[in-house]
There are 2 protein chains.
Amino acid sequence: MDDLTEMLKGTLEGCVLEIIGSEETYGYAITRRLNGLGFADVIEGTVYTILLRLERNGLVQVTKRPSGVGPPRKFYALNDAGREELAKFWAKWQYLSSRIDRLKEGGR
Amino acid sequence: MDDLTEMLKGTLEGCVLEIIGSEETYGYAITRRLNGLGFADVIEGTVYTILLRLERNGLVQVTKRPSGVGPPRKFYALNDAGREELAKFWAKWQYLSSRIDRLKEGGR
DNA sequence: TGCCGGTACTACGTGATACCGAGTACCACT
DNA sequence: AGTGGTACTCGGTATCACGTAGTACCGGCA
């Protein structure tokens with residue numbers, strides 16, 4: 001699949017929120033998860049910038065824990081604001097995708 | 001619906017391509033069409049920048065015609081490159097939306 | 001001991017895109 | 001003359017994903 005980066009704008013952050021929401025996890029694992037889900041070209045640097053943004057915006061709770069196989073990990077979990085943001089993301093996604101699909105079907 | 005601008009990145013251009021592909025039309029009308037389709041906050045300036053970009057990238061054929069109710073209109077039609085780009089857009093959209101929906105359904 | 005690969009995060013800069021505002025201009029109606 | 005709707009252009013801004021370089025911890029292998 002060729003370049004999706006522009007289309008991912010605004011949605012990738014939501015995907016990361018969803019992943020964090022389903023399980024407390026950390027940056028490196030989130031990247032691998034996204035790659036496995038079909039977001040093959042998403043790179044670590046991208047995920048880390050998103051995580052730092054989430055932290056800066058107060059949407060996540062962060063816990064640092066030693067790893068055993070490398071440097072310590074920063075585990076992320078959603079707080080109330082994060083869950084709210086996630087709900088908003090899905091609402092926006094549903095709104096947008098329904099409009100686009102309607103347009104695709106000959107747009108009335 | 002609150003702000004969709006980030007999510008529209010990469011998709012709005014495809015929507016404009018689809019509209020042009022279904023009928024030769026011009027900027028002002030495209031904006032109204034998008035607004036009617038549910039992209040309520042899309043503004044004329046945005047559509048015009050997309051149209052200039054399409055023209056610069058050689059995806060459209062442009063014809064200027066007098067209007068009768070205002071300044072002359074620039075009518076846009078897809079050329080072969082534009083149709084190809086449109087097909088690529090829909091392929092990318094389908095790919096992306098299927099991944100996102102899978103993630104939403106508990107992501108396996 | 002020294003080197004490599006995998007793990008894990010940070011920081012800075014780039015490019016693409018939608019948005020915003022101001023400006024220009026044509027036309028009809030009052 | 002003034003207003004409102006039509007129609008396009010141009011310059012600047014913010015945001016986001018991405019690229020790259022750098023730091024650092026660890027195990028295994030020569």
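Proteins come first, then strands; the chains are lettered A, B, ... in the order of their sequence lines, and each starts at number 1. Fair warning: this is a prediction, and the values are worked out from it, not measured in the lab.
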Length of the line joining B/Tyr48:OH and C/dG21:P, which is rounded to integer Å
17 Å

Gap between atoms CG and P, on B/Leu54 and D/dC8 respectively (whole Å):
14 Å

Answer yes or no: side-chain N or O of B/Lys9 and base N or O of D/dT15 forming a donor-acceptor pair under 3.5 Å.
yes

Sugar-phosphate, base or nothing in reach of A/Ser67, heavy atoms under 4.0 Å:
sugar-phosphate

On the nucleotide D/dT9, are OP1 or OP2 found under 4.0 Å from the side-chain N or O atoms that B/Lys74 carries?
yes

Indicate, with a heavy-atom threshold strictly under 4.0 Å, whether A/Ile50 touches base, sugar-phosphate, or nothing.
sugar-phosphate

Is there a side-chain polar atom (N or O) of B/Arg53 under 4.0 Å from OP1 or OP2 of C/dT17?
yes

Presence of B/Thr46 side-chain N/O under 4.0 Å of C/dC19 phosphate oxygens OP1/OP2
yes

Which part of the nucleic acid does A/Thr5 contact within heavy-atom distance under 4.0 Å: base, sugar-phosphate only, or nothing?
sugar-phosphate

Whole-Å distance separating the CG atom of A/Leu34 from the P atom of D/dA17:
11 Å

Per nearest nucleotide of DNA chain D, the residue lying toward the 5' end, A/Asp41 or A/Pro71, is A/Asp41

Check the distance between D/dG22's P and A/Glu44's CD and give it to me in whole angstrom.
17 Å

5'-most contact on DNA chain D: B/Val69 or A/Val69, nearest heavy atom basis?
B/Val69

Can you check the A/Glu55 CD to C/dT10 P distance for me, whole Å?
7 Å

Heavy-atom nearest nucleotide on DNA chain C for A/Thr49 versus A/Phe75: which residue maps closer to 5'?
A/Phe75

Which of the following nucleotides, C/dA18, D/dC16, D/dT9, is nearest to the side chain of B/Glu6?
D/dC16

Give a yes/no on whether any side-chain N or O of A/Tyr26 is located under 4.0 angstrom from OP1 or OP2 of C/dA8.
yes

Do B/Met1 and B/Leu34 share a hydrophobic cluster, counting only Ile, Leu, Val, Met, Phe, Trp and Tyr and linking them when any side-chain heavy atoms are less than 4.5 Å apart?
yes

Rounded to the nearest 0.5 angstrom, the OG1-CZ distance for B/Thr11 and A/Arg99 is 13.5 Å

Nucleotide of C/dC9, D/dT9, D/dC18 approaching B/Leu52 most closely (side-chain heavy atoms)
D/dT9

A quick test of your reading: do over 12 heavy atoms of other residues, nucleotides or ligands sit less than 6.0 Å from CD of B/Glu84?
no

Are any side-chain N or O atoms of A/Asn79 and backbone N or O atoms of A/Gly58, one a donor and one an acceptor, separated by less than 3.5 Å?
yes

Measure CZ/A/Arg65 against C1'/C/dA8 and give the value in whole Å, please.
15 Å

side-chain contact (heavy atoms from CB on, under 4.5 Å) with B/Ile50: of B/Leu52, B/Val47, B/Leu54, only one passes, and it is B/Leu54

Below 4.0 Å: OP1/OP2 of C/dT7 and any side-chain N or O of A/Tyr28
yes

Give the rounded distance in Å between these two atoms: CD1 of B/Ile43 and C1' of C/dT17.
16 Å

Atom CD of A/Glu13 and atom P of D/dT15: how far apart are they, to the nearest Å?
12 Å

Could you state whether B/Trp90 and B/Leu17 fall into the same hydrophobic cluster, counting links through intermediate Ile, Leu, Val, Met, Phe, Trp or Tyr residues with side-chain heavy atoms under 4.5 angstrom apart?
yes

